Amino acid sequence: VSQSRYFVTDEEDLHFGNAYWRLVRKNNPSDVGPIHADRWFWDLGHGSVPPGYTRIKVWMPLLQDDQNPSLLVLPGSHEQQFKYSHRTDDSGKRKPVFHDPSVAIRMISAPVKVGQAIVFHDSLLHGGKTTACDRISLEWTFAIRDSVPQNEDILRGK
């Protein structure tokens, strides 16, 4: 893996890249994730990435109300530090906990429609919201090498 320029990460330690499907039922707040930065999961021990790689998230709605997108983001938050705590779930995994009403009111719907994808830094604060429409989305995280060795010929696709 560390020889690749990029790869899909393995947060669940399944020995292959992980992609996540999410179904959010209309008007069902218990189906959406809370505000968080994906980096917090990594910091709490969910997966590892070799040194020299940067993680980026790809999120793609397959079904949603395009007039009211259901992914919330806080633009520019990837350049700030936020305090969070954590809880340990029944399986022993540590999960971040963040509650700051002053941040929640500044969240906006990500400008992404069905058939598009949004790519963002893993320190960006984001979360879900329910709408009057069901949502199905797909997401995964890429690890991309920060620099490419000089002897690697990118122009020829090698």
Side-chain angles (χ1 to χ4, degrees), residues 1-25 28-64 69-112 116-131 134-149 152 154:
V1 166
S2 63
Q3 298 302 312
S4 300
R5 279 179 271 167
Y6 60 89
F7 59 92
V8 176
T9 61
D10 179 14
E11 292 104 286
E12 301 298 328
D13 200 25
L14 300 173
H15 307 292
F16 55 84
N18 307 158
Y20 301 92
W21 296 90
R22 183 177 300 258
L23 169 62
V24 175
R25 295 166 291 179
N28 195 334
S30 66
D31 287 353
V32 297
I35 297 170
H36 66 281
D38 287 346
R39 177 182 60 83
W40 299 345
F41 287 93
W42 294 90
D43 292 348
L44 291 171
H46 294 253
S48 64
V49 173
Y53 283 79
T54 297
R55 292 181 306 265
I56 61 165
K57 178 63 144 254
V58 180
W59 186 90
M60 182 180 356
L62 303 175
L63 173 71
Q64 75 169 353
S70 55
L71 175 67
L72 297 173
V73 297
L74 182 60
S77 60
H78 65 290
E79 297 175 334
Q80 302 172 41
Q81 295 292 320
F82 296 91
K83 292 184 180 183
Y84 66 94
S85 60
H86 72 274
R87 66 174 176 79
T88 303
D89 69 13
D90 294 338
S91 70
K93 289 186 179 182
R94 298 183 334 159
K95 306 277 181 132
V97 175
F98 176 75
H99 180 71
D100 184 339
S102 70
V103 168
I105 62 171
R106 294 185 290 146
M107 303 289 284
I108 64 167
S109 290
V112 59
Q116 299 176 335
I118 185 168
V119 177
F120 55 91
H121 192 280
D122 78 340
S123 290
L124 183 79
L125 288 183
H126 63 284
K129 74 174 185 176
T130 60
T131 67
D134 291 337
R135 184 221 327 155
I136 299 173
S137 57
L138 177 63
E139 60 188 69
W140 62 93
T141 302
F142 275 116
I144 299 176
R145 192 181 307 160
D146 294 337
S147 62
V148 178
E152 192 162 348
I154 296 175

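These numbers were taken from a predicted model, which means no experiment stands behind them.
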Just do the side-chain contact (heavy atoms from CB on, under 4.5 Å) check on F41 and K93 with the steps written out, would you?
CA-CA 10 Å; F41 287 93; K93 289 186 179 182; over 6 Å; no
Please give me the minimum heavy-atom distance between [X] and [Y], naming the atom from each residue.
| X | Y | value |
| --- | --- | --- |
| V73 | H126 | CG1-CB, 4.0 Å |
| I118 | A110 | CD1-CB, 3.8 Å |
| L124 | S77 | CD1-OG, 3.4 Å |
| L138 | A19 | CD1-CB, 4.1 Å |
| S109 | K129 | OG-NZ, 3.0 Å |
| N18 | E12 | OD1-N, 2.9 Å |

Should T141 and E11 be marked as a side-chain contact (heavy atoms from CB on, under 4.5 Å) after you check the CA-CA gap, both sets of side-chain angles, and the distance that decides it?
CA-CA 9 Å; T141 302; E11 292 104 286; 3.7 Å; yes
Checking side-chain contact (heavy atoms from CB on, under 4.5 Å) for the pair Y84/D43: CA distance, chi angles, key distance, verdict?
CA-CA 11 Å; Y84 66 94; D43 292 348; 3.7 Å; yes
Is there a side-chain contact between R55 and D38, using heavy atoms and a 4.5 Å cut-off?
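They are not in side-chain contact.
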Could you grab the distance from atom [atom1] of [X] to atom [atom2] of [Y], nearest 0.5 Å is fine?
| X | Y | atom1 | atom2 | result |
| --- | --- | --- | --- | --- |
| L72 | M107 | CG | CE | 5.5 Å |
| D10 | H15 | CG | NE2 | 7.0 Å |
| T9 | H46 | OG1 | NE2 | 12.5 Å |
| R145 | T54 | CZ | OG1 | 12.0 Å |
| L125 | H36 | CG | NE2 | 9.0 Å |

Would you say the side-chain atoms of D122 pair up with the backbone N or O of K57, donor to acceptor, closer than 3.5 Å?
no
Short side-chain to backbone donor-acceptor contact, Q64 and L71, under 3.5 Å
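Looks like no, no N/O pair under 3.5 Å.
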Aromatic rings H78 and H121: how do their planes relate, parallel, tilted or perpendicular, breaks at 30° and 60°?
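Ring orientation, 0 to 90° scale: tilted.
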Aromatic ring pairing W40/F98, orientation class (parallel under 30°, perpendicular over 60°, tilted between):
tilted
Give me the one residue out of F7, Y53, Y6 that meets side chain to side chain contact (heavy atoms under 4.5 Å, CB included) with F142.
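Of F7, Y53, Y6, side chain to side chain contact (heavy atoms under 4.5 Å, CB included) with F142 is met by Y6 alone.
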Donor-acceptor pair between N28 and T130 side chains, under 3.5 angstrom
no
Would you check if there is a donor-acceptor pair between the side chains of R39 and S123 at a distance under 3.5 Å?
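There is such a pair between these side chains.
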Can you check side-chain contact (heavy atoms from CB on, under 4.5 Å) on R87 and D89, steps first, answer last?
CA-CA 6 Å; R87 66 174 176 79; D89 69 13; 3.5 Å; yes
